[in-house]
Amino acid sequence: MLDRSQDPANDGYQLIRRAPLASRTTFDVPAVAAWLAELTRPQALPELLARPEFRDLPRLVLGGGSNVLFTRDFDGLVVALANRGIDVVESAEEVDRVRVSAGENWDGFVRWSLGAGYVGLENLVLIPGSVGAAPFQNIGAYGVEVETFIESVDAWDHDAARFVTLQREECAFAYRDSLFKQQRGRFVITSVLFRLPRSRPLCLDYAGVREELAAMGVTSPTATDAASAVERLRLRKLPNPADIGNAGSFFKNPVVPATQARSLQASHPQLPVFHLEDGSCKLSAAWLIQQCGFKGYREGDAGVSDKHALVLVNHGNATGAELMSLAERIRNAVRESFGVGLEPEPVVL
Ligand code: EPU
């Protein structure tokens, strides 16, 4: 039985005691939060967090739940952002500034931007999760990372006990990383200010995109065409969380020194290697995992997708602990075979 308290004094949030979390995460594994606060008005945060029952509890912010794995119950307060709104705050000839509430669905926002005639977010279509989670993870796909379009991020800063606005340069954005991820627990992202261009060259160089456009019969693609191509690629290559529990890529692509990449390529000429600006190399984790025989592998209900070796899946009743033990086996196998360490991409609790 849920114990929902919604007394009128709690303006801006709803509290749920002993809240089941499975359906709030895309991995769909069982876990219960001691408390869950659904926040519709971010301004209510200070009052919520100051409540005596929450003051000393661990806290966790949940966006769309697409990048988190619970391995056990959470004996603390989960804050779920449910604020909504997309506002064009300034319109100029070439670039508009658009403020989006953290609780908005990411894919919904991308489609809104395409419908409104903006160019830039098309390669980021169909990424599960919320707008507030996008900067946390610096989401990226098909050669584009969200940081390119972020001007600033509004957040509640626990340490300073005030609302802050962080400019893009202050967010320490890197590959699937940010200040928010590095200092997990410090910030609650409440909205994001984007700079959305009205025109911009499309980014079609990532493997597969041009081929997909050609297969669609498109010769001079628009942003919407690029989004359709990416959508077709994603639906074919990645398991859909609506069909099977998963959190997208479970591991980051490892970055290694060029010397190590060269010696690995000498013994494994097929290994995909991407050269980075700083001289280091990013290796394909999916390829390494597939070589170790894990693609489509299954231990009970915890498995590796048969569509993409980088994605762990819940076939139905896997627990977070079972998925983690499978992840550990994969890490060990890749380390033994290739001497490369893999780092999980989702937040594991
Ligand atoms: N590959 C395999 N086996 C597989 C899948 C891929 O060997 O099962 C090899 C292929 O050689 C392929 C290469 O890996 O050419 C790269 O595959 P893909 O294009 O799918 O990209 P990825 O590096 O595996 C990254 C992101 C994805 C994003 C895609 C497309 C990370 C950790 N993952 O995957 O992001 O959709 O590129 O841009 O960077 C996510 O972060 O959750 C996510 C799905």
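Sequential numbering from 1 along the given sequence is applied to the chain's residues. Both counts, for ligands and for their atoms, begin at 1 and track the order of listing.
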Basic-acidic side-chain contact under 4.0 Å: [X], [Y]:
X: Asp157; Y: Arg186; value: yes
X: Glu343; Y: Lys252; value: yes
X: Arg72; Y: Asp75; value: no
X: Arg329; Y: Glu299; value: yes

Taking atom types as modelled, find out whether [X] and [Y] have a side-chain donor-acceptor pair closer than 3.5 angstrom.
X: Asn138; Y: Tyr175; answer: no
X: Ser91; Y: Asp96; answer: yes
X: Gln270; Y: Gln265; answer: no

If you have a sec, work out which protein heavy atom is nearest [atom] and how many Å separate them, to one decimal?
atom: atom 22 (P) of ligand 1; answer: Asn253 ND2, 4.0 Å
atom: atom 1 (N) of ligand 1; answer: Ala286 CB, 3.6 Å
atom: atom 19 (O) of ligand 1; answer: Tyr206 OH, 2.8 Å
atom: atom 38 (O) of ligand 1; answer: Tyr142 N, 2.5 Å
atom: atom 7 (O) of ligand 1; answer: Trp287 CA, 3.2 Å
atom: atom 31 (C) of ligand 1; answer: Tyr175 OH, 3.3 Å
atom: atom 33 (N) of ligand 1; answer: Ser249 OG, 2.9 Å
atom: atom 14 (O) of ligand 1; answer: Ser284 OG, 2.8 Å

If you apply the rule ring pair (Phe, Tyr, Trp, His ring centres under 6.0 Å), what do you find for Phe180 with Phe187, and how did you get there? CA-CA 6 Å; Phe180 312 105; Phe187 298 99; 5.6 Å; yes
I'd like to check the salt bridge (charged side-chain N to carboxylate O under 4.0 Å, His left out) partners of Glu151; sequence neighbours left out, ordered by chain and number.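 For Glu151 the salt bridge (charged side-chain N to carboxylate O under 4.0 Å, His left out) partners, ignoring immediate neighbours, are Arg97, Arg195.
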Run the numbers for me: atoms of ligand 1, each under 4.0 Å from some heavy atom of [X], listed by number.
X: Phe251; result: 32 (C)
X: Gly248; result: 42 (O)
X: Ala309; result: 4 (C), 8 (O)
X: Lys295; result: 4 (C), 8 (O)

Right, does atom 41 (O) of ligand 1 have protein non-hydrogen atoms nearer than 4.0 Å?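 Looking at atom 41 (O) of ligand 1, one finds that a protein heavy atom does lie closer than 4.0 Å.
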Atom 44 (C) of ligand 1 protein-contacted, heavy-atom criterion under 4.0 angstrom: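 Yes.
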How many angstroms lie between OG in Ser101 and CG in Asp154, if you round to the nearest 0.5 Å?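 Ser101 atom OG to Asp154 atom CG measures 9.5 Å (nearest 0.5 Å).
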From Lys282, Glu345, Arg234, Gln290 - option closest to atom 2 (C) of ligand 1 by heavy atom: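 Nearest option to atom 2 (C) of ligand 1, by heavy atoms: Gln290.
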Of the listed options Glu145, Glu343, His308, Lys237, closest to atom 20 (O) of ligand 1 (non-hydrogen atoms):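 Selected option, by shortest heavy-atom distance: His308.
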Report the residue from Glu231, Glu122, Glu104 that forms a salt bridge (charged side-chain N to carboxylate O under 4.0 Å, His left out) with Arg111.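 Testing Arg111 for a salt bridge (charged side-chain N to carboxylate O under 4.0 Å, His left out) against Glu231, Glu122, Glu104 leaves exactly one candidate, Glu231.
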Check for me, please, whether Leu233 and Leu121 land in the same ILVMFWY cluster - side-chain distances under 4.5 Å, paths through other members count.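 Yes; tracing contacts between hydrophobic side chains, which count when under 4.5 Å, links both residues.
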If you measure from each non-hydrogen atom of Arg176 to ligand 1, which part falls under 4.0 Å: side chain, backbone, both or neither?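 For Arg176, the contact with ligand 1 is made by the side chain alone.
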Return a yes/no value for Ala141: is any of its N or O atoms, backbone included, closer than 3.5 angstrom to an N or O of ligand 1?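 Not met; the criterion fails.
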Contact check: Lys252 vs ligand 1, nitrogen or oxygen atoms, below 3.5 angstrom: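 Checking ligand 1 against Lys252, no N or O pair falls under 3.5 Å apart.
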Does at least one non-hydrogen atom of Pro272 fall below 4.0 angstrom from an atom of ligand 1?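 Contact check Pro272 vs ligand 1: positive.
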